[in-house]
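In what follows, a single structure is set out as structure tokens and then discussed.
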Amino acid sequence: MNILNKIYAYKKIAYPIERPSLKAKLLADDGPHIIGEIKRGSPSKGLFAPDLNIESTVSRYEAASITGYSVLTDKRFFYGGFEDLHALSELTLKPILCKDFIVSPDQIAKAFAGGAKVILLIARMLDTPTMEALIDFAHTLNMEVLMEIHDANEFAKIEHLSFDILGINNRDLETFETDIMHSINVYNQLKLADKPFPVISESGFKHYDAVLKVTAHGFNGVLIGEGMVKDLIKPKMSVKICGISEKKHLEAAFQAGASHAGFVLAESKRKIDIATCGEFCKAVRSDYAPMKSVIVLKDVNASEVNALYASVKPDYIQIHGYFREDVPLEDSIKLIRAFSGELQPNIEGNDLLLQRADIVLLDAAVPGSGECFDWDKIEQARQSVQKPLWIAGGLSKKNIALLLSQYQIDGVDVSSGVETQGIKDEQKIRGFVEEVRRREHEIEIR
Ligand SMILES: O=C(O)c1ccccc1N[C@@H]1O[C@H](COP(=O)(O)O)[C@@H](O)[C@H]1O
């Protein structure tokens, strides 16, 4: 190996990453797309996350399946720094936006060297020739430009420029107030749905529902700072896809955004063997976070439950039918207690497991049969159970809207309703989860 080969090999290690395009990711139809920001503080809030640890923040954001990162590199007003960009770029392969007040090509070069794929330009702060020159320079580095506007007047100023992504800032910089309706109104006013570039809504997201609300209005994604740092952005409703017996269906449940994957070890046409179940639970832990694994059992003793818990290592154990505590149930087991239709105390183990349960599940008389139970019973259970309440039994994309509009529940569990001729159907899995997310959002904003 001559010296040039050696230097080349070294440089390839030092500069390995051609980050994917944020624009392309935002245009892909697998959202909602969240750009999670590394933000320690702001002029309006001061330093709100002085001890922010980049590594643990990245693990949390990755678990939330964000599409890309934004990192504040301004020190004076936002308490950030290029050291944060460098640290972040070592930890992720996703696109990174360098969030700064860019006025010169030097800053773009610095952002590029730090591993950023995207720079921000603020329409209100720059004149048009400067923006044009900065966009050209970014493009020569194969970087993308997020052009930020606040209102329609600012759009008129940048409309003809060749930026890559448009951002509408919900924050009024005079008052620092944020209102996500602001970006929705501007989006509609400017008829941005017809434009070829992706549009994101920026700032002021404090609930996951708000993310769904803006994406339902046509936005390709959202940029969230404080809400991500403070871990406020989470879907509300748990969605369990049960009876998974093939890896591709586990993948489909994850991709669709299900919160739980269920593996049946009880007698059933969906029963899988313990070794496969162990593999699936392991895959959920290592590849599908934040999704959780659930093993489904029926008519069991505590000793069997403890043994399965030790060998398969699921996140949750769901128990149907009777339960006998022949030995104490392992303390660390997280439990879903399934009841047939109502909280009857007459099955052995019900009282004990109701007390011990982390989640209570109301299901049909024959679990996994695709039959609904009498939903009138839900209200009574809601009143008496102060724990998360999930519903199963004959759910599908067709009846989920009715269920969610009538009852205050915390999760839904489906098996037959996402199958075609007894086999899990990837399209139905996607359709079911999408429908839940759409409906939970509608319910929230009523
Ligand atoms: O799915 C099964 O075969 C099964 C067997 C034994 C216990 C539970 C089982 N699945 C549970 O069935 C419901 C949902 O079923 P469906 O949508 O009505 O078909 C849910 O509790 C699953 O966890």
Side-chain angles (χ1 to χ4, degrees), residues 237-246 249-250 252-253 256 258-274 276-277 280-281 284 291-300 304-305 308 312 314-323 334-344 347 349-350 353-354 357-375 377-378 381 388-404 409-425 428-429 431-433 435-436:
M237 184 78 57
S238 298
V239 185
K240 173 168 159 251
I241 305 295
C242 199
I244 291 174
S245 59
E246 288 185 60
H249 299 139
L250 179 57
S259 59
H260 295 72
F263 310 117
V264 177
L265 291 178
E267 280 316 315
S268 155
K269 59 184 179 190
R270 304 182 181 97
K271 181 175 177 175
I272 56 174
D273 60 63
I274 295 177
T276 310
C277 186
F280 286 173
C281 290
V284 171
M291 195 161 78
K292 303 289 180 212
S293 59
V294 180
I295 62 168
V296 179
L297 309 175
K298 187 162 186 277
D299 301 336
V300 276
E304 296 168 67
V305 177
L308 282 169
V312 174
D315 294 306
Y316 286 83
I317 294 189
Q318 175 175 324
I319 303 180
H320 293 250
Y322 79 71
F323 169 78
K334 287 204 210 129
L335 199 69
I336 303 174
R337 176 49 165 167
F339 290 85
S340 291
E342 57 185 317
L343 305 180
Q344 336 87 315
I347 293 182
N350 263 357
L353 287 190
L354 181 56
D358 297 280
I359 294 163
V360 170
L361 172 69
L362 290 190
D363 195 358
V366 183
S369 61
E371 297 291 322
C372 293
F373 65 93
D374 175 7
W375 286 358
K377 301 276 178 10
I378 298 177
L389 179 65
W390 291 10
I391 301 299
L395 300 182
S396 70
K397 189 179 170 181
K398 290 193 183 126
N399 60 10
I400 199 70
L402 187 65
L403 178 76
L404 298 185
I409 57 171
D410 306 287
V412 291
D413 179 357
V414 63
S415 187
S416 315
V418 290
E419 290 175 350
T420 300
Q421 292 174 342
I423 309 283
K424 288 281 174 299
D425 178 323
K428 284 190 182 169
I429 292 175
F432 183 81
V433 181
E435 188 66 0
V436 175

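Computed from heavy atoms alone, side chains included, the values below leave out hydrogens, waters and symmetry copies. Remember, it's 1-based here, ligands and their atoms both numbered in the order they're listed. Every value quoted in this text rests on a predicted model; they were computed, and no experiment measured them. We number each residue from 1, following the sequence as shown.
The only option from Lys240, Arg337, Lys298 that meets the side chain to side chain donor-acceptor pair (under 3.5 Å) definition with Gln318 turns out to be Lys240. Residue Tyr322 is tested with Asp299, Asn350, Val300 for a side chain to side chain contact (heavy atoms under 4.5 Å, CB included); the sole match is Asp299.
Residue Glu267 has no N or O atom closer than 3.5 Å to an N or O atom of ligand 1. The shortest N or O to N or O distance between Gly370 and ligand 1 is under 3.5 Å. Ligand 1 has no nitrogen or oxygen under 3.5 angstrom from a nitrogen or oxygen of Ala266. Below 3.5 Å of separation, one finds no N or O of Lys269 facing any N or O of ligand 1. Of the polar atoms of Gly243, none of the N or O atoms is found under 3.5 Å from an N or O of ligand 1, judged by distance alone. Any N or O atom pair closer than 3.5 Å counts here, and Lys298 shares no such pair with ligand 1.
Side chain of Asp363 to backbone of Ser340: no donor-acceptor contact under 3.5 angstrom is found. Between the side chain of Asp358 and the backbone N or O of Ile336, no donor-acceptor pair lies under 3.5 Å. Using a distance-only test at 3.5 Å, with no hydrogens or angles considered, no donor-acceptor pair links the side chain of Asp413 to the main chain of Leu361. For the pair Lys428 (side chain) and Glu419 (backbone), a donor-acceptor distance under 3.5 Å is present. The closest donor-acceptor contact from the side chain of Ser293 to the backbone of Val284 lies at 3.5 Å or more, if one exists at all.
For the pair Lys334 and Tyr316, the cation-pi criterion (under 6.0 Å, within 45° of the ring axis) is fulfilled.
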Evaluation steps, side-chain contact (heavy atoms from CB on, under 4.5 Å), between Phe263 and Val294: CA-CA 6 Å; Phe263 310 117; Val294 180; over 6 Å; no
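Here the protein heavy atom with the shortest distance to atom 22 (C) of ligand 1 is Cys242 SG, 3.4 Å. For atom 21 (O) of ligand 1, the closest non-hydrogen atom of the protein is Asp363 OD2, 2.7 Å. Protein heavy atom closest to atom 20 (C) of ligand 1, with residue, atom name and distance, is Asp413 OD2, 3.2 Å.
Every atom of ligand 1 with a heavy atom of Leu361 under 4.0 Å away is listed here by number and element: 21 (O). Residue Ser416 has at least one heavy-atom neighbour below 4.0 Å for each of these atoms of ligand 1: 16 (P), 17 (O), 19 (O). Of all the atoms in ligand 1, the ones that sit under 4.0 Å from a non-hydrogen atom of Val296 are 7 (C), 8 (C). Within ligand 1, counting atoms from 1 as listed, the ones closer than 4.0 Å to a heavy atom of Val414 are 17 (O). Which parts of ligand 1 touch Gly394 is read off a 4.0 Å heavy-atom cut-off, strictly below it: atoms 16 (P), 17 (O), 18 (O).
Residue contacts with ligand 1 for Ser415 involve both N, CA, C or O and side-chain atoms from C-beta outward (heavy atoms, distance under 4.0 Å). In Pro367, the parts holding a heavy atom less than 4.0 Å from any atom of ligand 1 are both the side chain and the backbone.
Side-chain polar atoms of Lys424 and Ser415 form a donor-acceptor pair below 3.5 angstrom.
The shell of residues lying under 4.0 angstrom from ligand 1, judged by heavy atoms, includes Gly393.
Considering only non-hydrogen atoms, atom 5 (C) of ligand 1 lies nearest to Ser268 out of Gly321, Gly368, Cys372, Ser268. Distances from atom 2 (C) of ligand 1 to the heavy atoms of Lys240, His260, Arg270 show the closest one on Arg270.
Aromatic ring pairs are classed by plane angle as parallel below 30°, tilted from 30° to 60° and perpendicular above 60°; the pair Trp390 and His260 is perpendicular.
The closest side-chain heavy-atom distance from Val312 to Phe280 is not below 4.5 Å.
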